[in-house]
Amino acid sequence: VVFSVDGAIEATHDAIRGPGQHRAVLEAVALAVAVGLPFGMTMTLHAGNVTELEALGFEAARLGARHVSFAMMQPTGTHLDARLGLPPAAWEDAHARLGQLAAILRIPVIASEGWPHPRRMQTCAALRGDTLHVDQHGRLTLCCLHSDVPGDPEGRTVAGPANDGLLGPHRQLLAIQQRAMTARLDELQGGDFRDDPWAEFECNGCLRRFGMPHWTGHDGGVGGAVAGRARWRGAWDSGRPRVALPLVPRQRG
């Protein structure tokens, strides 16, 4: 179980998740500790919480997390990008701080996919084929960043497993992966993005290739498709009743 925490303090987390959500997630962590359920903690960094990454790492270790991971906020195609986005230099600084944190903590500090990497042909788990991502519609997509994000859905999704099984859709997904890698080679040959400050942020480059929202050049703006609504919890919650799942203690002995 991995708990998403958007801030080391209540005000920061609740500014993203809504009032009372920081207390709720800590109560869930306490339950996991009480029944001996292994857990991790993850934080999506942005301009509103990047100053708290060390504090969240120390808190995760203190609470007994098996690991703590940090992801970069990716563009949403909404007004939130202007408020929460960070320039490339700030992301590089945060990445360096993660390395320092990893040298201090006794639990693993994980930097999720998307952080700057000098190897221009570095492949993520999705492009290597190590993972298969199925969205809520039962479709195969390259990864979670491609799920229900505006752009070119026909170019990055395939029909999911049905009566015909997984092999057919998997073959279609391999063709999409091949096109993505070929597009990257074409960029390297042309040198179009050699001076782009975002050149080493591969997730951003992948989003750009498929026409989705992405951070752009030196202007600090956002390119690609524009979302019709903000992708936030209240937009899809719609007042539907929550499902209560039983918490079953792990058997010992």
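The basis for the numbers below is simple: all heavy atoms, side chains too, and nothing from hydrogens, waters or symmetry mates.
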Peer 1: Any side-chain heavy atom of I107 within less than 4.5 Å of one from R66?
Peer 2: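 No, every pair of side-chain atoms sits at 4.5 Å or beyond.
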Peer 1: Could you walk me through whether E92 and F201 pass the side-chain contact (heavy atoms from CB on, under 4.5 Å) check?
Peer 2: CA-CA 10 Å; E92 291 169 358; F201 296 78; 4.2 Å; yes
Peer 1: Taking all heavy atoms of L105 and all of A61, pick out the closest pair and write down the distance.
Peer 2: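 The pair with the smallest heavy-atom distance is CD2-CB, 4.2 Å.
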Peer 1: Determine, stepwise, if the pair V68 / E59 fulfils side-chain contact (heavy atoms from CB on, under 4.5 Å).
Peer 2: CA-CA 10 Å; V68 59; E59 181 73 354; over 6 Å; no
Peer 1: Could you list the residues that satisfy side-chain contact (heavy atoms from CB on, under 4.5 Å) with L26, not counting sequence neighbours?
Peer 2: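 Only H22, L63 meet the side-chain contact (heavy atoms from CB on, under 4.5 Å) criterion with L26.
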Peer 1: Check P75 against V222 and note the closest heavy-atom contact, atom names and distance.
Peer 2: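 Nearest pair, atom of P75 first, then V222: CB-CG1, 4.1 Å.
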Peer 1: Tell me the ring-ring contact (aromatic ring centres under 6.0 Å, His included) pairs involving residues 111-132, sequence neighbours left out?
Peer 2: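 For residues 111-132, and leaving out neighbouring residues, the ring-ring contact (aromatic ring centres under 6.0 Å, His included) pairs sorted by first residue read W91-W115, H95-W115.
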Peer 1: Is the shortest side-chain heavy-atom distance between M72 and L45 below 4.5 Å?
Peer 2: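 Sidechains of L45 and M72: no contact.
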Peer 1: Taking side chain to side chain donor-acceptor pair (under 3.5 Å) as the definition, give me every residue that meets it alongside D14, ordered by chain and number, with sequence neighbours left out.
Peer 2: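 So D14 forms no side chain to side chain donor-acceptor pair (under 3.5 Å) with any residue.
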Peer 1: What I'd like to find out is whether the side chain of L174 reaches to under 4.5 Å of the side chain of H170, using heavy atoms alone.
Peer 2: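 They are in contact (side-chain heavy atoms under 4.5 Å apart), so the answer is yes.
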Peer 1: When the side chains of residues 126-135 are checked against the rest of the protein, which donor-acceptor pairs come out under 3.5 Å, sequence neighbours left out?
Peer 2:
{"residue": "R128", "atom": "NE", "partner": "D130", "partner atom": "OD2", "Å": "2.8"}
{"residue": "R128", "atom": "NH1", "partner": "T123", "partner atom": "O", "Å": "2.7"}
{"residue": "R128", "atom": "NH2", "partner": "D130", "partner atom": "OD2", "Å": "3.0"}
{"residue": "H133", "atom": "ND1", "partner": "T141", "partner atom": "OG1", "Å": "3.0"}
{"residue": "D135", "atom": "OD1", "partner": "H137", "partner atom": "N", "Å": "2.9"}
{"residue": "D135", "atom": "OD1", "partner": "G138", "partner atom": "N", "Å": "3.1"}
{"residue": "D135", "atom": "OD1", "partner": "R139", "partner atom": "N", "Å": "2.9"}
{"residue": "D135", "atom": "OD2", "partner": "R139", "partner atom": "NE", "Å": "2.9"}
{"residue": "D135", "atom": "OD2", "partner": "R139", "partner atom": "NH2", "Å": "2.9"}

Peer 1: From Q177 CD over to C124 SG, what is the distance, rounded to the nearest 0.5 angstrom?
Peer 2: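 Those atoms lie 8.5 Å apart.
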Peer 1: Apply salt bridge (charged side-chain N to carboxylate O under 4.0 Å, His left out) to R171 and list each qualifying residue two or more places apart in sequence or on a separate chain.
Peer 2: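 If we apply the salt bridge (charged side-chain N to carboxylate O under 4.0 Å, His left out) test to R171, skipping adjacent residues, there are no hits.
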Peer 1: Out of curiosity, C203 SG to R208 CZ, how far, rounded to the nearest 0.5 Å?
Peer 2: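 CZ of R208 is found 12.5 Å from SG of C203.
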Peer 1: For R97, what residues pass the side-chain contact (heavy atoms from CB on, under 4.5 Å) criterion, not counting sequence neighbours?
Peer 2: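 Scan of R97 (side-chain contact (heavy atoms from CB on, under 4.5 Å), adjacent residues dropped) gives V50, L53, E54, D93, Q100.
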Peer 1: Going hydrophobic residue to hydrophobic residue with side-chain gaps under 4.5 angstrom, can you get from L101 over to I9?
Peer 2: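 Per the 4.5 Å side-chain linkage, L101 and I9 are not co-clustered.
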Peer 1: So if you build clusters from Ile, Leu, Val, Met, Phe, Trp, Tyr with side-chain heavy-atom gaps below 4.5 Å, do M181 and L185 land together?
Peer 2: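 In one cluster with M181: L185, yes.
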Peer 1: Could you tell me if the side chain of V149 sits less than 4.5 Å from the side chain of M212, heavy atoms only?
Peer 2: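 M212 reaches V149 side chain to side chain.
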Peer 1: H46: which residues meet the side chain to side chain donor-acceptor pair (under 3.5 Å) condition with it, sequence neighbours left out?
Peer 2: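 H46 satisfies side chain to side chain donor-acceptor pair (under 3.5 Å) with N49 only.
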Peer 1: Is any side-chain heavy atom of M43 closer than 4.5 Å to a side-chain heavy atom of E52?
Peer 2: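 Result yes, sub-4.5 Å side-chain heavy-atom pair found.
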Peer 1: Please table the atom pairs, donor to acceptor, closer than 3.5 Å between any side-chain atom in residues 29-42 and protein atoms at least two apart or in another chain.
Peer 2:
{"residue": "T42", "atom": "OG1", "partner": "S69", "partner atom": "O", "Å": "3.4"}
{"residue": "T42", "atom": "OG1", "partner": "S69", "partner atom": "OG", "Å": "2.8"}

Peer 1: V2 and L145: same hydrophobic cluster, using ILVMFWY side-chain contacts below 4.5 Å?
Peer 2: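 No, V2 and L145 fall in different hydrophobic clusters.
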Peer 1: To check you understand the geometry: which heavy-atom pair defines the closest contact between L98 and A111, and what is its length?
Peer 2: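 Here L98 and A111 meet closest at CD1-CB, 4.1 Å.
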Peer 1: Hey, could you give me the CZ/CD1 distance between R156 and I176, rounded to the nearest 0.5 Å?
Peer 2: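 R156 atom CZ to I176 atom CD1 measures 9.5 Å (nearest 0.5 Å).
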Peer 1: Give the intermediate values and the outcome of side-chain contact (heavy atoms from CB on, under 4.5 Å) for residues M121 and L188.
Peer 2: CA-CA 9 Å; M121 291 303 293; L188 290 175; 3.6 Å; yes
Peer 1: F210 vs H146 aromatic rings, parallel, tilted or perpendicular, using cut-offs 30° and 60°?
Peer 2: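 Answer is perpendicular, since the angle exceeds 60°.
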Peer 1: Just jot down the side chain to side chain donor-acceptor pair (under 3.5 Å) partners of E200, sequence neighbours excluded, or say none.
Peer 2: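 For E200 there are no side chain to side chain donor-acceptor pair (under 3.5 Å) partners, ignoring immediate neighbours.
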Peer 1: Run the side chain to side chain donor-acceptor pair (under 3.5 Å) test against E202 and tell me which residues pass, sequence neighbours left out.
Peer 2: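 E202: side chain to side chain donor-acceptor pair (under 3.5 Å) contacts with R184, R209.
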Peer 1: Hydrophobic cluster membership, with links at side-chain heavy-atom distances under 4.5 Å among I/L/V/M/F/W/Y: are V226 and L84 in one?
Peer 2: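 Cluster IDs for V226 and L84 differ.
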Peer 1: Kindly write out the residues that satisfy ring pair (Phe, Tyr, Trp, His ring centres under 6.0 Å) with F70, not counting sequence neighbours, or none if the list is empty.
Peer 2: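 Ring pair (Phe, Tyr, Trp, His ring centres under 6.0 Å) check on F70 returns nothing, list empty.
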Peer 1: Within the structure provided, determine whether P150 and P213 are in side-chain contact (heavy-atom separation under 4.5 Å).
Peer 2: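 Sidechains of P213 and P150: in contact.
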Peer 1: Is there side-chain contact between H13 and D6, with at least one heavy-atom pair below 4.5 Å?
Peer 2: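 Side-chain contact under 4.5 Å: yes.
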Peer 1: Is it true that a side-chain atom of N204 and a backbone atom of W198 form a donor plus acceptor pair closer than 3.5 Å?
Peer 2: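 It does not hold such a pair.
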